[in-house]
Engineer: 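Once you've had a glance at the structure underneath, I'll fire off some questions.
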Amino acid sequence: MITIEQADRLKQLPPYLFAELDRKKAEAMSRGVDVIDLGVGDPDLPTPENIIKKLAEAASEPRYHRYPSYTGMNEFRKAVSRWYKKRTGVELDPIQEVVSLIGSKEGIAHIPLAFINPGDVVLVPSPAYPVYAIATMFAGGIPHEMPLLKENYFLPDLTAIPSDVLGQAKMMFLNYPNNPTAAPATLDFFRTVVDFADKHNIMICHDFAYSEMSFDNYVPPSFLETPGAMEVGIEFHSLSKTYNMTGWRIGWAAGNAKIIGGLGRIKSNIDSGIFEAIQVAGIEALEGDQQCLADMRRIYTERRDILVDGLKKLGIKVEPPKATFYVWFEVPSGYTSASFAELLLAKSGIVATPGNGFGAPGEGYVRMALTVPKERLAEAVERMAREGF
Ligand SMILES: *Cc1c(COP(=O)(O)O)cnc(C)c1O
């Protein structure tokens, strides 16, 4: 018998704060409760037909059955550059400044390995997508949390970062439109970030996963459109949220060639790229009929309005988000994130995500995802009203 012991990097992982809620949800479902799950950030809508059809065609072509190129098919990366040009005005060299990813999570998880040495600091937002801090720790780096607070419109206060931390900081993660707060960023904020990065020699990694999921004619800016951004950073992106393709695992990083090159070098030693038939379907997603975007925005706008209006009628203070499929709101006084989420599930069979699970500054908030049909959201609001929330 051998002793099987996990490495320190696993032992140091923060506790998984959603475990208790996951257990209670499973228990409610096994009791036959009709659970309305607003917990998951995964589109319930199907991938558009034209993309599926392209995959089916490409899948039967033997030339796509071999190992793909590590950095991505040139044709896919060219389609990404054309997308950037059209959507943001940014010119990218598809070979030097774009690398394809097995979903953006993969690239986010790997980038610290390319640039972070043990003891280096990475600035991460909090609350946030957990991968930024965990990937930093896996590389031996030290995550330094930048709180996202309501009074700052959920943008980090860069002036609040202590100067000794800044001396050690090599990289910063940002994510706008933001998960979980749904906050947008302004080009002004991005300008401040570029100046800050330049002054303190910090690489910027901006996660743009929700770029197209925006409402009321709001167009989220790309970090790369900011003057000087290409000198200091990259942007992660994926087809997951835009085209309901979370299961397909295809994304990319674009921007500064040295940063892209470092990420590509790590990847070429770990994975072997994305199935080329999926990349061909990805080109179709980016360059085929874009009616699906208008449909997606209409559906989420309808859902958002039902949920937000319903919550307001219950006396909850909440603003309709301009982007993302999340509604982030402060729990009524007397509750914590966890106690409110637990009560929602126990009394109404509704799953919402407690905000503190995304980081301590998320305490006092919950996140509801608009990933169920509008009838179910109306039902959720009715149940809450009935149970006296
Ligand atoms: C959903 C999401 C992603 C996308 O992940 P993929 O690996 O591309 O599917 C990235 N960042 C954030 C903040 C997300 O919410």
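Atoms within each ligand, like the ligands themselves, are counted from 1 in listed order. Because the structure is a prediction, the values reported are computed rather than measured. These numbers come from the heavy atoms of this one structure, side chains and all, not from hydrogens, waters or symmetry mates.
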Engineer: Taking the non-hydrogen atoms of R249, is any one of them nearer than 4.0 angstrom to ligand 1?
Structural biologist: yes

Engineer: Considering heavy atoms of the protein only, find what lies nearest to atom 13 (C) of ligand 1 and give residue, atom and distance to 0.1 Å.
Structural biologist: D207 OD2, 3.3 Å

Engineer: Kindly give the heavy-atom pair with the smallest separation between K241 and A209, and that separation in Å.
Structural biologist: CB-O, 3.7 Å

Engineer: State which residue, out of R297, K322, R304, fulfils the side-chain hydrogen bond (donor to acceptor under 3.5 Å, both in side chains) condition with D216.
Structural biologist: R304

Engineer: Measuring from non-hydrogen atoms of Y132 to any atom of ligand 1, is the shortest distance under 4.0 Å?
Structural biologist: yes

Engineer: If you take all heavy atoms of F173 and M146, which pair is closest and at what distance?
Structural biologist: O-CE, 3.8 Å

Engineer: What residue and atom, counting heavy atoms only, is the protein's closest point to atom 3 (C) of ligand 1, and at what distance?
Structural biologist: K241 NZ, 3.5 Å

Engineer: For atom 9 (O) of ligand 1, what is the closest protein heavy atom, and at what distance to 0.1 Å?
Structural biologist: S240 OG, 2.6 Å

Engineer: Give the residue and atom name of whichever protein heavy atom lies nearest to atom 15 (O) of ligand 1, and the separation in Å to one decimal.
Structural biologist: Y210 OH, 2.7 Å

Engineer: Regarding E225 and Y84, do their side chains bring together a donor and an acceptor under 3.5 Å, going by distance alone?
Structural biologist: no

Engineer: Kindly identify the option in P125, G107, S104 whose heavy atom sits closest to atom 10 (C) of ligand 1.
Structural biologist: S104

Engineer: Is there a nitrogen or oxygen of S238 sitting under 3.5 Å from a nitrogen or oxygen of ligand 1?
Structural biologist: yes

Engineer: Number the atoms of ligand 1 from 1 as they appear, then name those within less than 4.0 Å of a heavy atom of K105, with their elements.
Structural biologist: 6 (P), 7 (O)

Engineer: So, for E276 and M73, which heavy atoms are closest and what is the spacing to 0.1 Å?
Structural biologist: OE2-CG, 3.3 Å

Engineer: Evaluate the ring planes of H206 and F223, with Trp represented by its six-membered ring, and classify them as parallel (under 30°), tilted (30 to 60°) or perpendicular (over 60°).
Structural biologist: tilted

Engineer: How many angstroms lie between CD1 in I259 and CD in E231, if you round to the nearest 0.5 Å?
Structural biologist: 10.5 Å

